[in-house]
There are 2 protein chains.
Amino acid sequence: MTNITLKQLRYFDALARHGHFGRAADACAISQPAISMRIKELEEELGTPLVERGARQVRLTAFGEDFVTKAREILRAVDELGDLARASQGRIAGRLRIGVIPTIAPYLLPRIVGRLSALHAGLDIHVRESLTSKLLTELHDGKLDTAIVALPVSEPALTEVALFDESFVLVRPGADRDKPVPDRDGLREMRLLLLEEGHCFRDQALSFCNIQSAMPRETLDGSSLSTLVQMVGSGIGVTLIPEMAVPVETRATDVDIARFGAPEPKRTIGMIWRKSSPLAPQLREISEVVRDVARLARTVAA
Amino acid sequence: MTNITLKQLRYFDALARHGHFGRAADACAISQPAISMRIKELEEELGTPLVERGARQVRLTAFGEDFVTKAREILRAVDELGDLARASQGRIAGRLRIGVIPTIAPYLLPRIVGRLSALHAGLDIHVRESLTSKLLTELHDGKLDTAIVALPVSEPALTEVALFDESFVLVRPGADRDKPVPDRDGLREMRLLLLEEGHCFRDQALSFCNIQSAMPRETLDGSSLSTLVQMVGSGIGVTLIPEMAVPVETRATDVDIARFGAPEPKRTIGMIWRKSSPLAPQLREISEVVRDVARLARTVAA
DNA sequence: CGGGGCGATAATTTGGGGTTATGACAAACA
DNA sequence: TGTTTGTCATAACCCCAAATTATCGCCCCG
């Protein structure tokens, strides 16, 4: 393990440049004895002289020549470290790992990624679609920088900002078009198709109907909103979907979309990140962008 | 002009390695506050955080990851400055860190160390025995000056010189002494004991028998050639060992050693070092010595 | 031989970088 | 829900490394 310091290298670089202790010292804004001592010390550590102190001039030894080129490479590399910092500083750039729940991802993510990429050229976005519980774990483990989930998550270590509220709408077979829209109690009597266990959207829908999740119910579970809507289209039952999913999911299926009267079921979608994350300022800024994108997406949908 | 110091980089390297301020401080033989302060200072100079301080763990930021690789390059370059000094004096002296694979080390290393120490009084030899993959990593990281492994390694940044070829011989229970020597196909039918995954010698033996490593095979894996030979002695199966290992490993066990007919299995042992190493000329000279030593060892064995 | 330029050495000061002790806070625990 | 524990930050202090100024020694030159 060497004890060479960057100061020694800087002084030696200056000395090699000027061929003169006094002027090198000036260049380094130090006194002449200081540089003399540092160079001597460096030579002792290396066990070999670097400069030949002539009567009227100092000249590098052969080894000193080799040494100074290597030393300059190092000094340059160190200076570039500062640039590296400046390059990646402040601005939104580099890798951003974002997790989104499956009942949001297909409808919002393409727009988010598009907008963010357009706004921030140097941004390298990695997307992960997964259930809330898994997203939270990955957030904690540092596998994700942020996530978009339904609030609240109520984790003290996480910051959560609300993005928007979204209503749930009823999806029923096209044939039911003219029937009155059921209320939450009426809904409980119908054959309600839901996502499988683990999706927060399932719990949110159940809670609207005042049904205990644990209660054994005869429901047919679909694995994606698409599947659910397809099944509704074949007359198997009814389902709820977030309104943002309406344009995409009901495009090619004969189903009827009906809004509920008050109290309208809805959930709050938000963005979360670790309070300790150094990206926090950037993430807050990003959350503004996401909110904009979402508002746009929802006005288009409505 | 940056004020970054090598100490800061060394400490940060340690912190990145350990992911823990306290342990990193231990590794640097300083107190925990010292490293905390230095890292904080570094972050202030860079104007950007390097690590995310979680309650239970310290994690590098994306920028920290970039930074640490650059920093390590610099630290290695600085360490090489010391080598440069020694090399420029022409002599072979100072610290020499040499890595050797486990299927070579016991049979060759004592002689190598003995000879080199005798030839070069000022030489301080450090030996490391490990698998090829680990040796290559340590070579790149500047933890080793050179390594003796099976060629080829085909790394563009490394110089490789061949030292010698060594044949593999069959080790079978003493009772099989009078049976004919199997060929590579016959070998496939026998119960072949091999080193565990990761040893290059395992792969070399398998490739001789034309067996895919991935292929699920019923083999009993030993962790050293000694163990393998002992197991063969108890009649469990057969194995291959490099001929250099014969005198040491078969001394006290009732086993039969048989050479294969053509095509005889063999491998090439060579010495490797970083092309950028300032010790390159000395290492080449050392490789001549090692080659001599190996030739001597093998004629004794034969 | 005396003077001036230059680097080395000596004596002294100062602050960077270390230490120990302690605080703050989140996570784990009971 | 307190309590304990692990972990990093902060505070107060200390010391030696590395400056500074002053001076010396030396060689070349006039």
Side-chain angles (χ1 to χ4, degrees), chain A residues 1-45 49-61 64 136-137 139-142 153-160 272-278 280, chain B residues 1-45 49-61 64:
Chain A
M1 160 88 162
T2 65
N3 280 332
I4 296 174
T5 68
L6 286 184
K7 251 179 206 170
Q8 290 171 328
L9 298 187
R10 290 222 161 82
Y11 293 174
F12 180 57
D13 174 33
L15 179 61
R17 261 194 179 62
H18 294 94
H20 187 287
F21 280 77
R23 281 188 283 278
D26 281 352
C28 299
I30 55 169
S31 65
Q32 171 264 312
I35 201 170
S36 283
M37 291 188 297
R38 266 355 45 209
I39 298 294
K40 198 178 87 161
E41 178 185 276
L42 184 56
E43 289 176 322
E44 273 164 12
E45 272 164 7
L50 288 164
V51 292
E52 186 184 325
R53 284 110 167 131
R56 221 62 183 177
Q57 59 185 338
V58 291
R59 177 178 310 140
L60 296 193
T61 62
L136 291 180
T137 309
L139 208 50
H140 275 122
D141 292 351
V153 293
S154 303
E155 296 247 353
L158 298 181
T159 298
E160 45 188 81
I272 56 176
W273 55 82
R274 291 186 302 280
K275 281 181 179 157
S276 66
S277 171
Chain B
M1 160 84 163
T2 66
N3 281 331
I4 296 174
T5 68
L6 288 183
K7 256 181 200 165
Q8 289 171 329
L9 298 187
R10 290 224 162 81
Y11 294 173
F12 180 57
D13 173 32
L15 179 61
R17 264 195 175 59
H18 293 93
H20 187 287
F21 280 76
R23 282 188 280 280
D26 282 350
C28 299
I30 56 169
S31 65
Q32 172 262 313
I35 201 170
S36 281
M37 291 188 296
R38 235 85 320 267
I39 298 294
K40 196 176 83 153
E41 178 184 277
L42 184 57
E43 287 175 322
E44 272 164 12
E45 273 163 7
L50 289 165
V51 293
E52 180 184 334
R53 287 120 167 116
R56 219 67 182 175
Q57 59 189 332
V58 171
R59 198 178 4 253
L60 295 194
T61 62

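First the proteins, then the strands, lettered A, B, ... as listed; each starts at 1. Hydrogens, waters and symmetry mates are skipped; everything else that's a heavy atom, side chains included, is used.
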Hey, does the side chain of [X] come within less than 4.0 Å of [N]'s phosphate (OP1/OP2), counting only N and O?
{"X": "Arg53(B)", "N": "dA9(D)", "value": "yes"}
{"X": "Ser31(B)", "N": "dG18(C)", "value": "no"}
{"X": "Ser36(A)", "N": "dA8(C)", "value": "yes"}
{"X": "Lys7(A)", "N": "dA17(D)", "value": "no"}
{"X": "Arg38(B)", "N": "dG16(C)", "value": "no"}

*Val51(B) side chain reached by Arg59(B) side chain, heavy atoms, under 4.5 Å*: no
*Nearest whole angstrom, please: distance from the C1' of dT23(D) to the CD of Gln32(A).*
12 Å
*Qualifying ring-ring contact (aromatic ring centres under 6.0 Å, His included) pairs with a residue from residues 2-43 of chain B, counting only residues at least two apart or across chains*: Phe12(B)-Phe67(B)
*Of all residues at least two apart in sequence or in a different chain, which pass the salt bridge (charged side-chain N to carboxylate O under 4.0 Å, His left out) check with Glu43(A)?*
Arg53(A)
_Donor-acceptor under 3.5 Å (Thr159(A) side chain, Ile272(A) main chain)_ = no
*Looking at every strand, decide which applies to Glu41(A) at a 4.0 Å heavy-atom threshold: base, sugar-phosphate, or nothing.*
sugar-phosphate
*Which value, rounded to the nearest 0.5 Å, describes the distance between Glu41(B) atom CD and Asn3(B) atom CG?*
9.0 Å
*For DNA chain C, determine which residues of residues 18-27 of chain B have any heavy atom closer than 4.0 angstrom to one of its atoms, and list them numerically.*
none
